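A quick write-up on the structure given underneath.
Keep in mind that this is a model prediction, so the values were computed, not measured.
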Amino acid sequence: MLDRTLATAAFDSNLCEYARNCIPQPGGTSLDSIPDRLMYRLQYRNFGSHQSLVANHTVDVNGADQAGIRWYEVRDSGGGWSIFQQGTYSPDATHRWMGSAAMDGLGNLALGFSASSTSVHPSIRYVGRLAGDPTGTLPQGETTLIAGSGYQQHSSG
């Protein structure tokens, strides 16, 4: 079995000193950021000319406990797996975490996630990129799928 390490661009996985209940929300207990694992699934696609895996996890984007989504496309075009593109998504001060990445049969990528801050109730948003967009970018614009109107009063961690 071949053991191969894929070198990523630098990122900070230490969100809130790995403590739970780190993501603020208006009026409630802070939410668990879950920064120590890949989120949802590692999605696989076979395009014939290459195979792709997409994944994501939560990171600290500014060293001050700001949650953002780190995402990757790992690709094998016949010579072995390598990181084809990667990025960290955090366009403003709102926390983004608990992501889910998926790629369609054309190579377009969507990244869904939870969003919250001291002024934004926990919500569900998504952003994306078309297959022809510059690699490592999510230029298709963030959209709110569900705007939260309440908050959790308890977090079991």
Please tell me whether [X] and [Y] are part of a single hydrophobic cluster in this structure, the criterion being side-chain heavy atoms less than 4.5 Å apart.
X      : Y      : result
Leu109 : Leu53  : no
Met103 : Trp71  : yes
Ile69  : Val120 : no
Leu42  : Ile83  : yes

Problem set entry | side chain to side chain contact (heavy atoms under 4.5 Å, CB included) evaluation trace for Ile23 with Asp32 | CA-CA 6 Å; Ile23 307 295; Asp32 194 346; over 6 Å; no
Within a strict 4.5 Å, meaning less than it, do heavy atoms of the [X] and [Y] side chains meet?
X      : Y      : answer
His95  : Pro24  : yes
Leu111 : Leu138 : yes
Met39  : Ile34  : yes
Leu15  : Val59  : no

Exercise. Can the ring centroids of His50 and Phe84 be said to lie less than 6.0 angstrom from one another?
Worked result: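 No - the distance between ring centres of His50 and Phe84 does not fall below the 6.0 Å cut-off.
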Exercise. For the ring pair Tyr89 and Phe113, is the centre-to-centre distance below 6.0 Å?
Worked result: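 Between Tyr89 and Phe113, the centre distance is under 6.0 Å.
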For the student: nearest non-hydrogen atoms of [X] and [Y], plus distance:
X      : Y      : answer
Ala131 : Leu106 : CB-O, 3.4 Å
Tyr72  : Thr8   : CE2-CG2, 3.7 Å
Gly150 : His121 : O-CD2, 2.8 Å
Pro35  : Ser13  : CB-O, 3.9 Å
Gly148 : Ser123 : N-OG, 2.9 Å
Pro26  : Ser117 : CD-O, 3.1 Å

How many angstroms lie between atom [atom1] of [X] and atom [atom2] of [Y], to the nearest 0.5 angstrom?
X      : Y      : atom1 : atom2 : answer
Cys22  : Gln66  : SG    : CD    : 9.5 Å
Asn14  : Asp65  : CG    : CG    : 7.5 Å
Trp97  : Leu31  : CH2   : CG    : 5.0 Å
Gln25  : Ser30  : CD    : OG    : 7.0 Å
Leu145 : Arg125 : CG    : CZ    : 11.5 Å
Asn62  : Asp60  : CG    : CG    : 5.5 Å

Is it the case that the side chains of [Y] and [X] hold a donor-acceptor pair, with the cut-off being a distance below 3.5 Å and no angle test?
X      : Y      : result
Gln140 : Asp133 : yes
Gln86  : Arg70  : yes
Ser52  : Glu73  : yes
Arg129 : Gln85  : yes

Exercise. With a cut-off of 6.0 Å (strictly less than), are more than 12 heavy atoms of other residues, nucleotides or ligands near OH of Tyr126?
Worked result: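 Open: at most 12 neighbouring heavy atoms sit under 6.0 Å from OH of Tyr126.
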For this session: Check the pair Tyr151 / Ser116 against side-chain hydrogen bond (donor to acceptor under 3.5 Å, both in side chains), numbers first and verdict last.
Result: CA-CA 10 Å; Tyr151 57 87; Ser116 185; over 6 Å; no
For this session: Check step by step if side-chain hydrogen bond (donor to acceptor under 3.5 Å, both in side chains) holds for Tyr44 and Gln51.
Result: CA-CA 7 Å; Tyr44 171 80; Gln51 302 172 78; 2.6 Å; yes
